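Here's the structure, in structure tokens; my notes come after.
Whatever order the structure lists ligands and atoms in, that order sets their numbers, starting from 1. Owing to the predicted nature of the structure, the values given are computational and were not obtained by experimental measurement. Start at 1 with the first residue, then count along the sequence.
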Amino acid sequence: MEKITKKVVAIIGRPNVGKSTFFNRMVGKRVAIETEIAGATRDRLFGEVSWCGTVFDLIDVAGVETGSKSELTKSMQDGVNLVIENADLVLFLVDWNDKNNEMDKNVARMLKKAGKPVILVVNKADNVKRQEDLEEFKRLGYQNPVPVSAISGKSTGDLLDVIVKELGTNTITPKSKVFDIDLAIIGRPNVGKSTLLNTIIGEKRAIVSSEAGTTRDIIDVEFFHKGKKFLISDTAGIRRPGKISKDTIESFSVIRTYQALKDCDAAILVIDAEEGLVSLDTNILGKAKEWGKSIVLAINKIDLVPGDKDEYMGRMIWRLQKELNFVPWLPIVFISAEQDENLNALLSQVVNAFEARQTVIPQEELDLILANAKESNFQVYNVKSLKQKKANPPIFEITFPAKAKPHFTQIRYIENKIRDVYPMNGTPVFLDNIVLGKKYKK
Ligand code: GDP
């Protein structure tokens, strides 16, 4: 299996040049992360674009541009700073109808300072026929402006050609030839992710700091546990140039968190024992379930808990089981990353979860599970068959007779029955229901 490193392309531009429309046009329906995700404090869009075999992530760092002109420049400066550190290419968006805009000149100056590759994109250029029509935009300091119309989609293919050429042929780079578990360590800033990584690898390769979102290197680490090779990419780490507001860091790290989750096979979600679960954590767990990622919950800083630890853990588990009833298969491990407590147990749970996702249940076993389920619950008497379609993660198919209207409780019951025999802890499974060979629509 190959690990793929996607490049990051960022859209920068003053308000009203059509950044959102442009973003949507480029990403289509494949928007991975949208604004409503808890913890993303501002509009910030993030999506994957694929063109002629090249895949890259597109980020619209806009959405903070409200208020007065000076504030506006400041917030754009924040966005640009993030781009400096995190983007491989910048699309500088301007408006064909507004050729001499002062703010564009400011943006151009900032981008010059950033020193990243830039493509000047002239949006709303529905009627541009000749390159000469774009002459005036060259004053911004970029020689080959590309005209597009985000609304109609005109010339976006040409632009994608230019982007792919600029990103070069290494856009998809194999990071590591052979490894077994591609693991992500995710969670809110300051919960102890870097500390955990450091303790695991036994050497200080990542910079740890008590200040949320401080400078650290994005690193790749490989190590072995229980005969399994792990690869960890610390994609959640972001660099912090100059003054970036806490909100900006927070929302950017949220984006990175979801990206890391998307790119991994298995994840450790770290929370702080004193803080408990926050809505971002439940959201992440929901996404892990939806995306079929194996996941283990690590409750960190257990060394800081005062009083009787067993009692505390008992109470916490009781509470979590209620809060997390949508992922009853989630393993929970109490750790101290700093004091190296229980980390072997944590990694063993990750290995178990990873192995669980490869589970292949023989058909005779499934037949038996179904027969037992029918015997013990009248609700599922009409299920025709239960088959496994795929592993990694496991996908099952339940067939109902014609005209049946399967209810989700029936599906859940069968999942529980499968898990009674094959617990598959730490791994979501999917159950598709088929009615007379057709997919049942709710
Ligand atoms: P990250 O932002 O999630 O990577 O968090 P860091 O690893 O930078 O840790 C944030 C702060 O929590 C640092 O001051 C760490 O020393 C501290 N910390 C991390 N893990 C533990 C732990 O298990 N126990 C205690 N007492 N402190 C911890």
Under 4.0 Å from a heavy atom of [X]: which atoms of ligand 1 are those, numbered in the order shown and with their elements?
| X | value |
| --- | --- |
| Lys193 | 1 (P), 2 (O), 3 (O), 4 (O), 5 (O), 7 (O) |
| Ser336 | 22 (C), 23 (O), 24 (N) |
| Leu304 | 26 (N) |
| Asp303 | 22 (C), 23 (O), 24 (N), 25 (C), 26 (N) |
| Arg188 | 3 (O) |

Could you see which bit of [X] sits under 4.0 Å from ligand 1, with heavy atoms only: side chain, backbone, both or neither?
| X | value |
| --- | --- |
| Pro189 | backbone |
| Thr195 | both |
| Asn190 | both |

Where the side chain of [X] meets the backbone of [Y], is there a donor-acceptor pair that is under 3.5 Å apart?
| X | Y | answer |
| --- | --- | --- |
| Lys293 | Lys262 | yes |
| Lys19 | Arg14 | yes |
| Gln410 | His407 | yes |

Within the structure, is a non-hydrogen atom of Gly187 found at a distance of less than 4.0 Å from ligand 1?
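No.
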
Here's one to test your reading of the geometry: is the NZ or CZ of Lys289 within 45 degrees of the ring axis of Phe430 and under 6.0 Å from its centre?
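No, cation not above the ring by the 6.0 Å, 45° rule.
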
Just checking, any donor-acceptor pair under 3.5 angstrom between side chains of Arg419 and Asn416?
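Arg419 vs Asn416: no donor-acceptor pair found between side chains.
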
Would you say Arg25 and Thr156 are linked by a side-chain donor-acceptor pair, where the criterion is simply a distance under 3.5 Å?
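Short answer, no.
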
Compute the shortest N/O to N/O distance between Gly192 and ligand 1 and return yes if it is under 3.5 Å, no if not.
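Checking ligand 1 against Gly192, an N or O pair does fall under 3.5 Å apart.
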
Ligand 1 N/O within reach of Gln339 N/O, cut-off under 3.5 Å
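Min N/O separation from ligand 1 is not below 3.5 Å for Gln339.
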
Does atom CG of Asn16 have more than 12 heavy-atom neighbours from other groups under 6.0 Å away?
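No.
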
Can I get a per-line list of side-chain donor-acceptor pairs under 3.5 Å for residues 316-337, giving both atom names and the distance, sequence neighbours left out?
from	atom 1	to	atom 2	distance (Å)
Ser336	OG	Asp303	OD1	2.9
Ser336	OG	Gln339	N	3.0

